[in-house]
Each structure stands twice: as C-alpha cells, then as structure tokens.
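Note that this is a predicted model, so its numbers are computed, not measured.
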Amino acid sequence: MIPQAPKGTDDILPPASEKWRTLLRGFEDLARRYGYALTMTPLFEATELFSRGVGEETEVVEKQMYTFADKSDRSLTLRPEATASVVRAYLGAGLQGVFKGYYAGPMFRYEQPQSGRRRQFFQVGVEYLAEPSPDADVEVIEVGYRLLADAGVTGVGVRLNTLGDPADRAAYRDELRSFLRGRAGDLSPDARRRLEGNPLRVLDSKADAEVVADAPAPIDSIGGEAAAHFSGVRAGLDRAGIPYEIAPRLVRGLDYYNRTVFEYVSADYTAAQDALGGGGRYDPLAEMLGGPPVAAVGLAMGVDRIVLAMPDPEPAGPDVFVVLADPQRRAEALGMVGRLREAGLWAEMDLGERSLKAQFKVAGRRSARLVAVVGDEWDEGEVTVRRMADGEESRVAIEEVPAWASR
RNA sequence: GUGACCGUAGCUCAGGUGGUUAGAGCGCCAGGUUGUGGCCCUGGAGGUCGGGGGUUCGAGUCCCCUCGGUCACCCCA
C-alpha cells in the first residue's frame, strides 16, 4: 500500500497550487508596501509559550495542540498560531519601539477535519508591535481586506467588535458569569463547564445561541479609553472605505485579545468555517510572556480557506512548444528551447520519443500558444510556427523565433 | 472528542436476495494519416474491490475491527 498523507493534511498540486502562488506572492507584495518585514519563527516552540500566551483555558491549548517530548524530554509543540512566536522573538531579540512583521507558513491543530479546517493549515499574517494608535488597528484590517480583494474574493465584509481593556473584561466576565449561572439549566454541557473558567467562550457557541442572545454584550460595559479607541477604529475604517458590521458576540478564542477583534467573511463563501481571516489587538500578550508592556495588533489569514473562495484563474500554458518532426534534429530542437528560455519565454518540449501527432497532442493539452516544428526546413534556416488557437502557420527564420514569439 | 454519510481502474460511477475470467464513460498509450493538436473510428495498458479478521463450499456483496474521505457539532484561519 502507498502511504497516505496524514489525516487533515493536503498536498497542494496544480491547478489549485496556481491559486496558492497568486495569493502568496500577492500577500508578500502587499505586506511590503505597508512596511512589514519578513519574520520567520520556528514551526515548533516550547509548549509553555502557547499555554501562557494563547491561554490555558482556550480550546486550542486544551485539546488542539500537537505536543510531543523530544529526545531530551523537552515538551515541544507544533505551533497552532504564530502571534505568540513573533512576540517572543521581538522580546527575545531585545527589540524596542515599533516593529512591523509579516509571516507565512503552516500551523498545526489537532482537530477533526472538515471543509476549511485542516490539521496542517497555512496562514499569512502581519503583526504591528508597539503602536497603540487605533490607526494601527485600521491599517492591519485594511491589509487583510486588500488581500482578499486582490485575490478576487467577492462579497467580503468585516465583522468587528471590542472586548474592552483587561479591567473591563474582568468586570464583564463576572457580569456574564452571573447571568449565565441564572440560565445554567438552559446551557449545553460544554457551556456549563466553561462558565467558571472562561465564560466569554460561551458567547460564540452555536448551541447556546438562544441563551446568549439575551446576555449582556462586552461592548456595553467598556470603559472610556477603550470606547474612544473603538470610535477611532470605526472612524478609520469609514475613512478607508472598508465595509464592516458590529458583531457584539464576536469574542475569538484566544486569551490575549483586548479591545479590537475582527474577522473577515464572504457572502459568496458559505461553509460552517467561514472566517477567512481574523485578528485583533493584543496589548496584554507581551506581559503574559513575562516582558514589558508592548501594545500590539495583528491578523492571521487562512490561506486554505481563501483559496476555496478564490475564482479559478485563466488557464496558462507555454508561449512556445517545440516539436520534433525529425528525431535526427533533437539537439537542434533542444537548443531552440534553450534560446527561447534565455529570451524569457516559457518554452517546453516533449522529451519522450513520441510521434509528431502525439507531440502536438501534448502541446494542445498544455495550452501552448505556439508550436515550433523542427524538421527539414531547418536546413533552410527556418522552423514552422503554428498558432494553436486558429492553426495558422508561418515559416520563421531560426534566429527570429524568440522575437517572433514575444509579440 | 461527538454524530451522519461514504470508500470498486488515474477520475466519475455500475455491480437485485453472497455463486464461474469485476464492468462502463472519461482520461492515458498506440494506430487509422511514418510533418501537425482539438472531432471521429479501432486497439491496448490499467483493479490485492481502503486494510485486517470472521461467517460460508464460495465474500466486492454479510458481521466485527481499523485506516481514510465528506459534512456538521465543538472551536477557529
């Protein structure tokens, strides 16, 4: 038996890989235009980084981590997300002041796969450190919005909420907890279990939607500064022309968030796992990791999901497919392919020993624009070039072929 | 972790109540045209019926286990 790819992992092959390539290149250009620098961190980290950074009581840490002991018995974990790593790297390098980093890479969570949810999945993201201005939130939200727009994803909208500052959050947590206790009989078992530890997580539970609809929302109990910050974010989004809706129950599952949280959805991509990306402000994280306070906001985009929502690209093929009519002239044909490539063209040739007819068939299947026939006319210094779309043929001088094909 | 549905050629699928050499379409390779693709015709290659165990004279078909897929819950990108 051929070994299978592990459950919840994917091989990215053509034609889908073309969408990946488009998106990844687009993201890199985009991030650089906004001033973010490439930031690479390890795929595995000390387990403690995530339990402290992401939060002991979160779903991710409780049951979704790929944790293992290495040969020296260190507890390591395949990263379930990258934000904690970037902050660790910033603190560890002794960096100070504003830092803007972007990353792209696989993340790992031990979950039951379904549409848009994989055990190894790919995120691209940006982190904007040491900048408390609401305009930083706006910029980050804009990057994700642009990425989706550039990728051709339609019907994109932003869901926005604020969780307030840690003090607001603590007060709100108590308020929510007492509300939920009063309705404990109506709650799902999961929700009852979470009630004491991390009641905010009950808010985005589908099973408890009815109860939650009557619950107080975090947005109603935030303090003055956080409220002003939120107004600033909203004003900035309006200025940037980014459509958003307030989602009072949006909390997101990671403990480090404060104030702004957001996610992207598309009206034209409907699956249970519909968030194409998300993020928020996480001012408390640096201190949670034992560092000094560092204001921060960031986002992560789910590439696997975005690719599902992207339109199919135009099929692309070689500019010139060189075909061998006379096997004696193989060396000449290979030389021609080489010259075409040097000229910057996409040139191919079938390296098997197939009939002319079969070679044409391959050229057609590959969506070649032109086919150059290397045969007897080579003695006269020419090749026959056929335009595949309409079958029109012309004789072209050998040295003219690259220029001819470039038109 | 839970639930539902599903695993037969590269792909999409047929294979009443268990019974001789497991089929089709598409794709692939070759030929029809030894210098020409897309259409058509002909031929060919390709399957331990996801894997293991069991029942039976006999299992693709029945039973159990297991691996994987799809979708949903949970949660998140």
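- Taking atom P in both B:C13 and B:A4, the straight-line distance is 23 Å, to the nearest Å.
- Relative ring orientation between A:Y34 and A:Y36 is described as tilted, the plane-to-plane angle lying within the 30° to 60° band.
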Yes or no on salt bridge (Lys or Arg N to Asp or Glu O under 4.0 Å) for A:R395 and A:E380, after CA distance, side-chain angles and deciding distance?
-> CA-CA 10 Å; A:R395 298 272 288 248; A:E380 293 155 44; 2.8 Å; yes
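- Across all strands, A:G116 comes closer than 4.0 Å to base atoms (heavy-atom distances).
- Rounded to whole Å, the C1' atom of B:G47 lies 27 Å from the corresponding atom of B:C41.
- Between the CZ atom of A:R119 and the P atom of B:C67 there is a distance of 11 Å, given to the nearest Å.
- Applying the ring-ring contact (aromatic ring centres under 6.0 Å, His included) test to pairs two or more places apart or on separate chains, those with a residue in residues 267-288 of chain A are A:Y256-A:Y282.
- Across B:G46 and B:G38, the matching C1' atoms stand 25 Å from one another, rounded to whole Å.
- Legend: residues meeting salt bridge (Lys or Arg N to Asp or Glu O under 4.0 Å) with A:R119, ordered by chain and number and at least two apart, are absent.
- A salt bridge links A:R387 with A:D390; the closest basic N to acidic carboxylate O contact falls under 4.0 Å.
- A salt bridge does not link A:E127 to A:K100: none of the charged nitrogens lies less than 4.0 Å from a carboxylate oxygen.
- For the C1' atom pair drawn from B:C28 and B:A45, the interatomic distance equals 9 Å after rounding to whole Å.
- The same atom, C1', is picked in B:G54 and in B:U2; the two are 29 Å apart, to the nearest Å.
- Residue contacts shown for A:R117 include a base, since a base heavy atom lies under 4.0 Å away.
- When rounded to the nearest whole Å, the span between CE of A:M65 and C1' of B:C75 equals 15 Å.
- For the P atoms, the distance from B:U42 to B:G50 is 32 Å, rounded to whole Å.
- For A:A272, taking side-chain heavy atoms from C-beta onward, the closest of the listed nucleotides B:A72, B:C29, B:G1 is B:A72.
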What dot-bracket string describes RNA chain B from 5' to 3', counting Watson-Crick and G-U wobble pairs whose defining distances are under 3.5 Å, with [ ] for crossing pairs and | for pairs to another strand?
-> (((((((..((((.....[...)))).(((((.......))))).....(((((..]....))))))))))))....
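- Not counting sequence neighbours, the partners of A:F27 by the ring-ring contact (aromatic ring centres under 6.0 Å, His included) test are A:Y102.
- Rounded to whole Å, the distance from CD on A:Q273 to C1' on B:A72 is 9 Å.
- Taking atom C1' on both B:G44 and B:G27, the two are 14 Å apart, rounded to the nearest angstrom.
- Nucleic acid contact class of A:E263 (heavy atoms, under 4.0 Å, all strands): none.
- Residue A:I306 is classed as having no contact, given no heavy-atom separation below 4.0 Å to the nucleic acid.
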Which pairs of donor and acceptor atoms, one on a side chain in residues 399-407 of chain A, lie under 3.5 Å apart (sequence neighbours left out)?
from	atom 1	to	atom 2	distance (Å)
A:S406	OG	A:P402	O	2.7

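- Heavy atoms of A:A300 sit under 4.0 angstrom from primed sugar atoms or phosphate atoms, though from no base atom.
- When the ring-ring contact (aromatic ring centres under 6.0 Å, His included) test is applied to A:W378, no partner is found at least two apart in sequence or on another chain.
- Whole-Å rounding puts the A:Y66 OH to B:G1 C1' distance at 14 Å.
- Annotation: B:G60 and B:G18 have their C1' atoms spaced 10 Å apart (nearest Å).
- Along RNA chain B, the nucleotide nearest to A:V202 and the one nearest to A:P6 differ in position, and the one closer to the 5' end is contacted by A:P6.
- Using cut-offs of 30° and 60° on the angle between ring planes, the pair A:Y66 and A:F108 is perpendicular.
- Nucleotide B:C73 holds its C1' atom 11 Å from the CD atom of A:E59, rounded to whole Å.
- Judged as a salt bridge (Lys or Arg N to Asp or Glu O under 4.0 Å), the pairs with a partner in residues 256-267 of chain A (not counting sequence neighbours) are, in order, A:R159-A:E263, A:D165-A:R259, A:E225-A:R259, A:R252-A:E263.
- Between the CG atom of A:L13 and the P atom of B:C11 there is a distance of 13 Å, given to the nearest Å.
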Using residues 235-250 of chain A as the side-chain source, report each donor-acceptor pair under 3.5 Å to any protein atom, sequence neighbours left out, with the distance given to one decimal.
from	atom 1	to	atom 2	distance (Å)
A:R239	NH2	A:D135	OD1	3.4
A:Y244	OH	A:R234	NE	3.1
A:R249	NH1	A:A215	O	3.1
A:R249	NH2	A:A213	O	3.2

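- At a cut-off of 3.5 angstrom, counting only N and O atoms as typed in the model, there is a donor on one side and an acceptor on the other between the side-chain of A:Q114 and the base of B:C74.
- Residue A:G8 is classed as a sugar-phosphate contact, given heavy-atom separations below 4.0 Å to backbone atoms only.
- Nucleotide B:C75 holds its C1' atom 6 Å from the CD atom of A:Q64, rounded to whole Å.
- Computed from coordinates, the A:D11 CG to B:G10 P distance equals 17 Å when rounded to whole Å.
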Letter by letter from the 5' end, nucleotides 41-46 of chain B scores (B base, S sugar-phosphate only, - none; protein heavy atoms under 4.0 Å) ------
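- Between A:R118 and B:U70, a side-chain N or O to OP1/OP2 separation shorter than 4.0 Å is present.
- Under the side-chain hydrogen bond (donor to acceptor under 3.5 Å, both in side chains) criterion, A:R183 pairs with A:D186, A:D214, sequence neighbours left out.
- Across all strands shown, A:Q112 has heavy atoms under 4.0 Å from base atoms, whether or not it also approaches the sugar-phosphate.
- Under the salt bridge (Lys or Arg N to Asp or Glu O under 4.0 Å) criterion, the residue pairs touching residues 11-25 of chain A are A:E18-A:R21, A:K19-A:D312, with sequence neighbours excluded.
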Anything under 3.5 Å between a protein N or O and an N or O of nucleotides 34-39 of chain B, put it in a table, one pair a line.
from	atom 1	to	atom 2	distance (Å)
B:G35	O6	A:D376	N	2.8
B:G35	O6	A:E377	OE1	2.7
B:G35	N1	A:E377	OE1	2.5
B:G35	N1	A:E377	OE2	2.9
B:G35	N2	A:E377	OE2	2.8
B:G35	N2	A:T384	OG1	3.4
B:U36	O2	A:R386	NH1	3.3
B:U36	O2	A:E393	OE2	3.1
B:U36	N3	A:E393	OE2	2.6
B:U36	O4	A:E393	OE1	3.1
B:G37	N7	A:R386	NE	3.4
B:G37	N7	A:R386	NH2	2.8
B:G37	O6	A:R386	NE	3.4
B:G37	O6	A:R386	NH2	3.0
B:G37	O6	A:M388	O	3.1
B:G37	N1	A:M388	O	2.5

